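Residue numbers start from 1 in every chain, and the chains themselves are labelled A, B, ... in the order their sequence lines are given, proteins ahead of strands. This is a predicted model, so every value here is computed, not measured. Note that these values count all heavy atoms, side chains included, but never hydrogens, waters or copies made by symmetry.
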There are 2 protein chains.
Amino acid sequence: MKQVTVYDIAKEAKVSVATVSRVLNGTAPVRASTRAKIEAIMHRHQFQPNALARSLSKKETGIIGVILPDITNSFFPEVFSGIMQEGQETGYTFFLCDTMGQYDKESEFLNIMREKRVDGILFMGGRINLNDCDEALVQEVMEHANKIPLVLVNGNLKNANLTRVATDEYAGTMLAVRHLIELGHTRIGFIGGESHMATTMVKMRAYRKCLREAGLPIREEWVLPDDFSVDAGNRQMQRLLSQTERPTAVCCVNDFTAIGAMKTAIDQGMRVPDDISIVGFDDIVLARHFIPELTTVSQQASELGRTAVQVLRQLINQERVKKLTSLSPRLVIRQSTASPRSE
Amino acid sequence: MKQVTVYDIAKEAKVSVATVSRVLNGTAPVRASTRAKIEAIMHRHQFQPNALARSLSKKETGIIGVILPDITNSFFPEVFSGIMQEGQETGYTFFLCDTMGQYDKESEFLNIMREKRVDGILFMGGRINLNDCDEALVQEVMEHANKIPLVLVNGNLKNANLTRVATDEYAGTMLAVRHLIELGHTRIGFIGGESHMATTMVKMRAYRKCLREAGLPIREEWVLPDDFSVDAGNRQMQRLLSQTERPTAVCCVNDFTAIGAMKTAIDQGMRVPDDISIVGFDDIVLARHFIPELTTVSQQASELGRTAVQVLRQLINQERVKKLTSLSPRLVIRQSTASPRSE
DNA sequence: GTGAAAGCGCTAACAG
DNA sequence: CTGTTAGCGCTTTCAC
């Protein structure tokens with residue numbers, strides 16, 4: 001019942017373990033006949049080389065550690081899917097850690113990854129999305145990054161100067177707001193996002209910039225941060241609708257809040273997009289299946305994941321790497337936006 | 001820059017590596033003073049014990065391998081989330097493999113897991129959902145299961161007699177169909193699901209049983225398998241609506257097809273649930289956010305994941321385990337179902 | 001309590 | 001081409 005090892009194979013083939021190792025890795029020429037014999041024996045015994053032993057001596061595991069805040073949030077499975085596709089093609093395997101948004105879990109997982117000797121780390125969510133992250137937390141990540149290839153995905157850490165790949169959310173939001181303006185909207189609100197998160201700030205900044213550029217007034221009572229959930233969308237749309245002066249369009253921090261906003265608006269008897277236009281951000285899979293289909297900004301999550309792995313691989317291979325790889329989002333126009341009714 | 005090892009620690013503390021190992025694992029008493037000294041040194045050097053070396057000698061990794069067919073399908077992240085929660089509490093870590101529905105990838109990952117010496121395997125999707133799985137594929141899994149703890153989650157392999165945990169989909173479907181019948185529906189269709197998949201067959205069987213029990217006729221032209229996608233729902237609802245005699249309610253194989261069916265019905269000018277009632281299966285997160293909110297059967301995905309880990313752990317610890325652990329689904333009544341209009 | 005030493009299974013010089 | 005041997009870093013008897 002004991003696992004067969006290179007020694008067993010070697011003995012049976014009457015060769016040394018070195019030779020067995022050679023056919024296993026193709027690291028040096030081996031006579032065709034002995035190679036064939038060894039392979040036959042390995043096959044017969046269904047030999048499974050012990051990856052632990054191999055990694056221990058090679059000092060590399062072929063494992064990439066992935067930290068993300070919530071696998072249950074459909075954006076992340078898509079990114080992860082891209083990560084896996086890219087990784088599989090290059091023989092990498094993944095160690096996925098879900099921090100459930102807790103910063104101390106990030107620290108914990110970072111350590112576990114180091115113990116497991118992963119070859120590199122992809123860091124998403126949590127502290128790297130904070131606008132003003134605690135110095136100690138930044139420090140910690142920097143120390144790890146000093147010892148092991150690490151890239152921040154869709155986030156940043158002030159003054160840490162780490163390698164990162166991210167969607168250009170500023171540009172993405174401009175796409176969304178300009179779309180609304182081009183449709184003729186002049187009364188545009190913004191919903192969702194915790195205000196201490198970088199995403200929220202960036203998106204709001206882009207939103208304000210656009211309105212200003214277009215010479216439109218910014219009504220602070222229409223700028224309603226909250227969190228990133230569907231419920232946030234519900235709540236803030238409710239608030240918007242309770243005002244006597246209402247916007248005719250709203251830009252949402254992500255698709256979840258957009259969905260919530262849409263639902264509440266419709267439940268209150270409004271029609272989307274006739275009475276109010278709504279645009280989201282992320283283009284989650286179900287966005288196109290809502291009624292009405294959601295206009296949104298696609299982050300191309302899968303592409304983001306692939307790119308992240310490519311960049312990390314360069315880091316692992318000690319190649320030169322751009323400090324920031326920026327991906328351009330795309331506006332996906334569907335049914336939830338239209339020109340305002342002329343009144 | 002080199003990693004510090006137990007030897008470095010031992011030397012600095014003027015003790016043997018054995019003692020260092022003892023404080024690391026608490027496997028034997030160590031004098032408090034020397035323990036303190038060692039711990040201080042480890043802390044100072046930020047010592048990270050090499051998990052590979054440890055696993056190699058202990059012959060256990062604390063890793064559970066998880067095979068699933070598509071992390072992008074929101075049902076699986078939820079299951080996985082439950083798996084991780086349960087695992088974390090017991091110190092396990094996970095190796096996630098997405099087969100993207102390809103059977104050969106299942107084989108590949110099974111082998112990789114063996115090489116990585118995971119402590120146990122959780123198998124979801126792919127071949128274990130086939131109603132009639134190729135004998136060789138069954139055999140392969142059986143051989144692995146013979147060597148390593150393995151549990152099938154929401155699936156089965158004929159005559160393999162493997163340990164499994166699964167939702168009772170038969171019961172779940174009965175819940176759904178009976179609900180429709182109790183509402184007064186007599187004309188009920190069934191949409192979606194590939195007919196060679198076990199889920200589909202089980203659910204259809206339950207559907208037929210319910211109708212028969214209630215003395216209702218089964219109209220074969222209203223039983224429309226397809227695949228499990230939103231588009232399948234679109235297509236088959238389209239077909240249903242093109243018939244002159246239409247059902248007043250339809251039971252869908254899962255939430256995706258239900259969403260598709262709903263969307264097509266509404267796009268065609270029907271009202272849900274007024275003109276047609278729709279019930280799904282799974283209770284994905286967004287089900288409650290659709291308009292109308294989707295009535296569905298909850299699999300309690302997260303609970304399923306937790307249970308799977310518990311069972312696997314028992315297997316790993318060589319405890320007695322029930323061959324089948326069955327979870328009861330729950331009907332979640334929301335807005336997409338109502339009594340048929342009396343005409 | 002603590003130390004010496006033999007593994008765990010594989011890779012990689014080095015020598016031939 | 002192939003064999004010998006010394007690691008890789010930790011755990012675990014077995015003595016003392």
Checking the side chain of [X] only, and the main-chain atoms of [Y] only, is there a donor and an acceptor separated by less than 3.5 Å?
| X | Y | result |
| --- | --- | --- |
| A:Arg117 | A:Thr61 | no |
| B:Lys158 | B:Asn131 | yes |
| A:Asn25 | A:Thr27 | no |
| A:Glu60 | A:Ser55 | no |

Using whole Å, report how far [atom1] of [X] lies from [atom2] of [N].
| X | N | atom1 | atom2 | result |
| --- | --- | --- | --- | --- |
| B:Arg35 | C:dT2 | CZ | P | 9 Å |
| A:Ile9 | D:dG3 | CD1 | P | 15 Å |
| B:Lys116 | C:dG9 | NZ | P | 18 Å |

Can you name the atoms? Protein N/O to nucleotides 9-13 of chain D N/O, anything below 3.5 Å, with the distance.
residue : atom : partner : partner atom : Å
D:dG9   : OP1  : A:Lys59 : NZ           : 2.9
D:dG9   : N2   : B:Ala53 : O            : 3.4
D:dC10  : OP1  : B:Asn50 : N            : 3.1
D:dC10  : OP2  : B:Val6  : N            : 2.5
D:dC10  : N4   : B:Tyr7  : OH           : 3.2
D:dT11  : OP1  : B:Asn25 : OD1          : 3.1
D:dT11  : OP1  : B:Asn25 : ND2          : 2.9
D:dT11  : OP1  : B:Arg54 : NH1          : 3.3
D:dT11  : OP2  : B:Ser21 : OG           : 2.9
D:dT11  : OP2  : B:Asn25 : ND2          : 3.3
D:dT11  : O4'  : B:Ser57 : OG           : 2.7

Review point. Counting any heavy atom closer than 4.0 Å, what does A:Thr34 reach on the DNA or RNA strands: base, sugar-phosphate only, or nothing?
Key: sugar-phosphate
Could you check whether atom NZ of A:Lys323 has more than 12 heavy atoms from other residues, nucleotides or ligands sitting under 6.0 Å from it? yes
Judged by modelled atom types alone, do A:Arg306 and A:Gln85 share a side-chain donor-acceptor pair under 3.5 Å? yes
